[in-house]
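Working notes, beginning with the structure itself.
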Amino acid sequence: MISIIIPMYNSEKYIEKCIESILNNLYKNFEIIVVDDGSTDDSIKIVKKYTNIKLLYSNHAGPRSARNVGIENASGDFIFFLDSDDTINPNTLKILKNNIKKYDIVIGNYNIIYDNGDIELFKTPTDSKFNSFFESVTVWNRLYRKEFLNKYKIKFESIFQGEDRLFLAELYLHNPKINVISDNIYNWMRHENETQKTLTHINDESNFNGQLYCMQKFKSLLENKISVKD
C-alpha cells in the first residue's frame, strides 16, 4: 500500500482538487494522510467531508513536522508526498508502484503549471545519480520505500526552509537504489501570488535564516563524501 502524505495550511482553494486527483487514480491500494498545521480557513472542514482520509495535526510546526507526523502514522509500505495545492495524474500511483520493484526510490518527471496556464515540463536528468537526486530538490516527484526510511531513521529536520534539501541529502548518503523513469507523475502549481502560502506561515527573517542554515548543513553533509560523477 502507498501512504500519501499531504501537509496542509490554509488550502481551502486547492485541497479538494488535490484529494480528487488521488481518488481518480487507477491504482486504488493507498491511504491518504492529511496533516493540518493550524489552518484558519475552511481547509479542515473540506477534508472532513471525505470519510476515508486520516486527518492529523502538527500544531504550527511547519511542513517538515507535518510530513514527519505523516511518516510516523503511515501504514503503507511506500511513502508519497503531495503538497496540498498540487495534483497527480490518474496513472501516477500505478506507474510508481510498477517501477519501484527492488528499488528504494523511484523518481519521475513533473509539470510546472503557472497561474496564467503556461506549462513547463521538468525532466529528471539521468547523466548521474547525483544530478538525478539534486537537480530538482523536491520530495514529491518520488516514491519511497518506507523500510529504507525507517532503517536509517531518515526524517525531516526541524527547520522551516530547506528541509527538503536536507532530507534528500540524508537519503543520498545512505546510497539508496534509485530508478529514474521518463513518466510525468506530478503537477506542481506555481502561484504568482506569493502571499498565498499553503505549507507554512513564517516571516521573511525566519525564511532567510532557515535557508542559510540549510545550505551550510547541506555543504557539510556532502562535502568530501560524494562525487558529482556518482
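Between E12 and K45 there is no salt bridge, since no side-chain N of the basic residue sits under 4.0 Å from a carboxylate O of the acidic one. Ionic pairing of D37 and R67 is not present here: no N-O contact between side-chain nitrogen and carboxylate oxygen is shorter than 4.0 angstrom.
No donor-acceptor contact under 3.5 angstrom links the side chains of Y186 and T138, judged on distance only. If you check the side chains of S39 and D36, you find a donor sitting under 3.5 Å from an acceptor. A donor-acceptor pair shorter than 3.5 Å cannot be found between the side chains of K94 and N99. Y110 and E120 share no donor-acceptor pair across their side chains, judged by distance under 3.5 Å alone. For N91 and N89, the side-chain atoms include no donor-acceptor pair closer than 3.5 Å. Side-chain contact check for D85 and S11: no donor-acceptor pair (N or O, by modelled atom type) lies under 3.5 Å.
Counting heavy-atom neighbours within 6.0 Å of K28 NZ, excluding the residue itself, gives a total above 12.
The distance from atom CD1 of I79 to atom CZ of R142, rounded to the nearest 0.5 Å, is 15.5 Å. Note that CG of L143 is 9.0 Å distant from NZ of K97, once rounded to the nearest 0.5 Å. Rounding to the nearest 0.5 Å places CD1 of I15 at 10.5 Å from CD of E20. Between N187 atom CG and I119 atom CD1 the span is 7.5 Å, to the nearest 0.5 Å. Taking CG from L96 and CG from N179, the interatomic distance works out to 10.0 Å, rounded to the nearest 0.5 Å. Atoms OG1 and NZ, from T51 and K48 in turn, are 13.5 Å apart once rounded to the nearest 0.5 Å.
Side-chain contact between I5 and V69: absent, with no pair of heavy atoms (C-beta onward) separated by less than 4.5 Å. In this structure the side chain of M8 never reaches within 4.5 angstrom of the side chain of S58, judged on heavy atoms. Counting only heavy atoms from C-beta outward, the side chains of K155 and E72 approach each other to under 4.5 Å. A heavy-atom distance below 4.5 Å is found between the side chains of M1 and S75. Contact annotation: the side chain of N10 approaches that of T40 to within less than 4.5 Å [non-hydrogen atoms, C-beta and beyond]. Looking at heavy atoms from C-beta onward, K17 lies out of side-chain contact with I19 at the 4.5 angstrom threshold. Using a 4.5 Å heavy-atom cutoff, the side chains of R145 and I105 are not in contact. Contact annotation: the side chain of I6 never approaches that of D83 to less than 4.5 Å [non-hydrogen atoms, C-beta and beyond].
Within the 3.5 Å criterion, the main-chain N or O of G62 finds no donor-acceptor partner in the side chain of S65. The closest donor-acceptor contact from the side chain of N141 to the backbone of I185 lies at 3.5 Å or more, if one exists at all.
Checked against the 6.0 Å centroid criterion, the rings of F30 and F80 do not qualify as a close aromatic pair. Aromatic ring centres of W188 and F122 lie farther apart than the 6.0 Å criterion allows.
Transitive grouping of hydrophobic side chains (ILVMFWY, heavy atoms separated by less than 4.5 Å) keeps L82 and I113 in distinct clusters. M189 and Y14 fall into different hydrophobic clusters, where Ile, Leu, Val, Met, Phe, Trp and Tyr side chains are chained together by heavy-atom contacts under 4.5 Å. The hydrophobic cluster containing I95 also contains L23, counting ILVMFWY residues as joined when their side-chain heavy atoms lie under 4.5 angstrom apart, directly or transitively. Cluster annotation: L149 is connected to Y152 through the hydrophobic network of ILVMFWY side chains, with a link wherever side-chain heavy atoms come within less than 4.5 Å. The hydrophobic cluster containing I178 also contains V137, counting ILVMFWY residues as joined when their side-chain heavy atoms lie under 4.5 angstrom apart, directly or transitively.
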Verdict with supporting geometry, N25 and I88, side chain to side chain contact (heavy atoms under 4.5 Å, CB included): CA-CA 8 Å; N25 256 253; I88 57 176; 3.4 Å; yes

message: Test side chain to side chain contact (heavy atoms under 4.5 Å, CB included) on L168 and F134; report intermediate values, then the result.
response: CA-CA 8 Å; L168 295 178; F134 294 111; 3.8 Å; yes

message: Determine whether N175 and K129 satisfy the following criterion, side chain to side chain contact (heavy atoms under 4.5 Å, CB included), listing intermediate values before the conclusion.
response: CA-CA 10 Å; N175 196 30; K129 184 176 180 180; 2.7 Å; yes

- request: Give the intermediate values and the outcome of ring-ring contact (aromatic ring centres under 6.0 Å, His included) for residues Y144 and F148.
  value: CA-CA 8 Å; Y144 308 84; F148 188 86; 9.4 Å; no

task: Might you work through the side chain to side chain contact (heavy atoms under 4.5 Å, CB included) test for Y50 and L55, ending with a clear yes or no?
output: CA-CA 10 Å; Y50 297 90; L55 178 61; over 6 Å; no

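Shown here for N29 and Y27, the closest heavy-atom pair between the two residues is O-CE2, 3.2 Å. Nearest heavy atom pair, residue I33 against residue S3, reads CD1-CB, 4.5 Å.
Ring pair F167/F156 is parallel by interplanar angle, where below 30° counts as parallel and above 60° as perpendicular.
Under the side-chain hydrogen bond (donor to acceptor under 3.5 Å, both in side chains) criterion, T124 pairs with no residue, sequence neighbours left out. Contacts of E31 classified as salt bridge (Lys or Arg N to Asp or Glu O under 4.0 Å), with partners at least two apart in sequence or in another chain: K54.
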